[in-house]
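The figures here come from the full heavy-atom set of this structure, side chains too, leaving out hydrogens, waters and symmetry mates.
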Amino acid sequence: MKIVLEVTFRMGGVSYRGYRWEDDVLVFEFERLGDAFIQVLSRRKVEEEVEREPSAVMVELKTKEGGKIFEAVNEGGLYLAVEP
């Protein structure tokens, strides 16, 4: 099945690294590891073909300061998330 995720980040410079399963939760991995970024909203759309339907979709953002994990909401087949 195809999973489509659209994430809005608070800053630019985000790279998509892939996804992983944690039990039945699908976690999309992104990172922002540089020193300076544009302070503008940045939107990324990712499509992945996965073997089963997840119970939840999470976004993991790794940064130099640590990281954040936040949940995506299913809106009619499109998963939407916003960096807190």
Side-chain angles (χ1 to χ4, degrees):
M1 81 175 302
K2 186 193 308 192
I3 300 290
V4 180
L5 170 70
E6 189 171 292
V7 187
T8 302
F9 295 99
R10 293 185 303 136
M11 290 183 238
V14 176
S15 299
Y16 176 60
R17 293 296 176 211
Y19 69 91
R20 69 178 188 277
W21 287 96
E22 289 188 4
D23 297 320
D24 59 346
V25 175
L26 185 60
V27 181
F28 285 86
E29 301 170 335
F30 294 86
E31 67 180 8
R32 181 191 307 123
L33 298 177
D35 291 323
F37 302 101
I38 298 171
Q39 296 276 336
V40 64
L41 294 179
S42 169
R43 185 168 287 154
R44 295 291 310 266
K45 187 174 184 178
V46 177
E47 296 182 23
E48 291 286 356
E49 195 67 38
V50 297
E51 59 274 6
R52 63 187 191 270
E53 185 168 353
S55 64
V57 172
M58 304 296 289
V59 176
E60 179 180 66
L61 175 62
K62 293 180 182 177
T63 65
K64 287 176 65 175
E65 294 80 32
K68 303 174 185 178
I69 297 178
F70 47 99
E71 189 169 1
V73 178
N74 188 347
E75 294 286 334
L78 174 65
Y79 285 90
L80 301 172
V82 177
E83 180 183 357

So does [X] have more than 12 non-hydrogen atoms from other groups sitting under 6.0 Å from [atom1]?
X: Asp23; atom1: CG; answer: no
X: Glu53; atom1: CD; answer: no
X: Arg43; atom1: CZ; answer: no

Is any side-chain heavy atom of Val4 closer than 4.5 Å to a side-chain heavy atom of Lys45?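 Sidechains of Lys45 and Val4: in contact.
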Please say yes or no: joined through hydrophobic side-chain contacts below 4.5 Å, possibly via intermediate residues, are [X] and [Y] part of one cluster?
X: Tyr79; Y: Val82; result: no
X: Met58; Y: Leu26; result: no
X: Val46; Y: Leu80; result: no
X: Val50; Y: Phe30; result: yes
X: Val27; Y: Val57; result: no

Minimum heavy-atom separation for [X] to [Y], with atom names?
X: Gly67; Y: Thr63; answer: N-OG1, 3.8 Å
X: Arg52; Y: Asp24; answer: NH2-CA, 4.2 Å
X: Pro84; Y: Lys68; answer: O-NZ, 3.3 Å
X: Gly12; Y: Ser42; answer: CA-CB, 4.1 Å

Nearest 0.5 Å please: distance from the CG atom of Leu78 over to the CG atom of Leu5.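 Between atom CG of Leu78 and atom CG of Leu5 there are 8.0 Å.
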Nearest 0.5 angstrom please: Glu60 CD to Ile69 CD1, how far?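 Reported value, rounded in 0.5 Å steps: 4.5 Å.
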Distance-only, no hydrogens or angles: does the Glu29 side chain make a donor-acceptor pair with backbone N or O of Tyr19 under 3.5 Å?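 Here the side-chain-to-backbone pair does not exist.
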Could you tell me how the ring of Phe70 sits relative to the ring of Phe9: parallel (under 30°), tilted (30 to 60°) or perpendicular (over 60°)?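 It falls in the perpendicular class, over 60°.
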Intermediate values then yes/no, side chain to side chain contact (heavy atoms under 4.5 Å, CB included), Glu83 and Arg32: CA-CA 12 Å; Glu83 180 183 357; Arg32 181 191 307 123; 2.8 Å; yes
Phe28 and side chain to side chain contact (heavy atoms under 4.5 Å, CB included): which partner among Arg44, Arg17, Arg20, Glu48?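 Option passing the side chain to side chain contact (heavy atoms under 4.5 Å, CB included) with Phe28: Glu48.
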